[in-house]
Amino acid sequence: MQQISKKVILVGNFGVGKTSLVRRFVHQTFSDEYLTTLGVRIDKKVVNLANITVNMILWDVAGEVSQTKVPASYYLGSHGVIYVFDLQRPSSFENITSDIDFIRSKLPNAPICVIGNKKDLLSDAELNSIQQNLSVKASYFTSAKTGENVEAMFEMIAKQMTE
Amino acid sequence: MSTKKRTFLQQFKSQFSPSGFQFVLLDNQGVIVESCNSLFNLNLYQGLSAFTFIPFLESIEETLVQITTKDAPIYFPRLDIPFFSHSKIYDFTFQRFEPFPEHSFIAWIIRDNTTHYYYLRQIQQERNMVIVQNERSTAGR
């Protein structure tokens, strides 16, 4: 089976759960304790798709209020982007349109997956309300705590990067 | 030692202050050609492609092999990665080093900035937690 390496960066505001999503996906663990990421952490997971094996190298980038503050070098050579926001914190998605536009300018050909995390903390009604008011369509609502939609989300971006 | 007798890496390294730095030369396949081993010993890995066993390098292979001598060095600050069993925070810089036209290397400069960054992380942690708690308490009113 063909094997390829793909670099994926996780970006978004601080405290939205980027590191927790990576830990859930790569190590199947979760902790409620918040530990800030400084700069970037790198992790790797092999994802087997139908006809191809993808070595996903995940760059868990320190959260910033605006993505323009992320060092430009972090974007270099990225094949995919996961933009994470916290469904409970409106401030984490108020700049979503400008952030996505900025990322698109840096990586015009990379798929961008928009993720609302911490789904477990919201009711269905609250989730619907947020969904309707979002300026950008979210690809998934996830919970790093329960693991809901985490595997599916990473698999989706793996597929998009190989298309 | 005269310049003539110096290895390529020694020539390159002499341009910098060596404290807290490690200098490595890779060929375009990522093979470790030479390392000064100031921070960690890469002797066991000499002759192997670093692109195959260091995920960070694997993820930016396409970028690294395309660096030319005309390009500005590429700087990756604050890399919090377990690296050869060392859990530290490094800054990496990459640039093309071409002592002769037939000898072209990817020069990899590793700087250990752990002490400085641990301090910054502590400040960032406290700042972020206060902001998040304030947002949550405002939203809960």
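In what follows, chains carry the letters A, B, and so on, assigned in the order in which the sequence lines appear, proteins first and then strands, with residues in each chain numbered from 1.
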Given a strict heavy-atom distance threshold of 4.5 Å, which part of L38(A) is in contact with chain B: side chain, backbone, both, or neither?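 Contact with chain B involves both backbone and side-chain atoms of L38(A).
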Which portion of T37(A) sits near chain B, non-hydrogen atoms under 4.5 angstrom: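 Just its backbone gets close to chain B.
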Heavy-atom check, side chain of [X] versus side chain of [Y], under 4.5 Å:
X: S73(A); Y: Y75(B); answer: no
X: F14(A); Y: V132(B); answer: yes
X: P71(A); Y: R78(B); answer: yes

State yes or no: do [X] and [Y] share one hydrophobic cluster built from I, L, V, M, F, W and Y residues joined by side-chain heavy-atom distances below 4.5 Å, directly or via other members?
X: I82(A); Y: V16(A); answer: yes
X: I42(A); Y: L107(A); answer: yes
X: I89(B); Y: V40(A); answer: no
X: Y75(A); Y: V65(B); answer: yes
X: I115(A); Y: I9(A); answer: no

Under a 4.5 Å heavy-atom cut-off, does chain A meet the side chain of L79(B), its backbone, both or neither?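 Backbone plus side chain of L79(B), per the 4.5 Å heavy-atom cut-off to chain A.
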Within residues 119-153 of chain A, which residues come under 4.5 Å of chain B, heavy atom to heavy atom?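 At a heavy-atom separation under 4.5 Å, chain B is reached by no residue of residues 119-153 of chain A.
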Would you say N43(B) has more than 12 foreign heavy atoms packed within less than 6.0 Å of its CG?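 Counting neighbours around CG of N43(B), more than 12 heavy atoms of other residues, nucleotides or ligands fall under 6.0 Å, so yes.
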Greatest number of heavy atom pairs closer than 4.5 Å to chain B - which of L35(A), N55(A), D86(A), V8(A):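 That would be L35(A).
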Option in S91(A), G63(A), S92(A), A62(A) with maximal non-hydrogen atom pairs under 4.5 Å from chain B: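 Highest number of heavy-atom pairs under 4.5 Å: S91(A).
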If contact means a heavy atom pair closer than 4.5 Å, which residues of residues 48-64 of chain B contact chain A?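 When heavy atoms of chain A are the reference, residues 48-64 of chain B contributes P55(B), F56(B), E58(B), S59(B), I60(B), E62(B), T63(B) within the under-4.5 Å range.
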With a 4.5 Å heavy-atom cut-off (strictly below), which parts of residues 121-130 of chain B touch chain A? List them by number.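 Checking residues 121-130 of chain B against chain A gives R121(B), Q124(B), Q125(B), R127(B), N128(B), M129(B).
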With R41(A) via salt bridge (charged side-chain N to carboxylate O under 4.0 Å, His left out) - residues at least two apart: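 In terms of salt bridge (charged side-chain N to carboxylate O under 4.0 Å, His left out), with neighbours along the sequence ignored, R41(A) is linked to D80(B).
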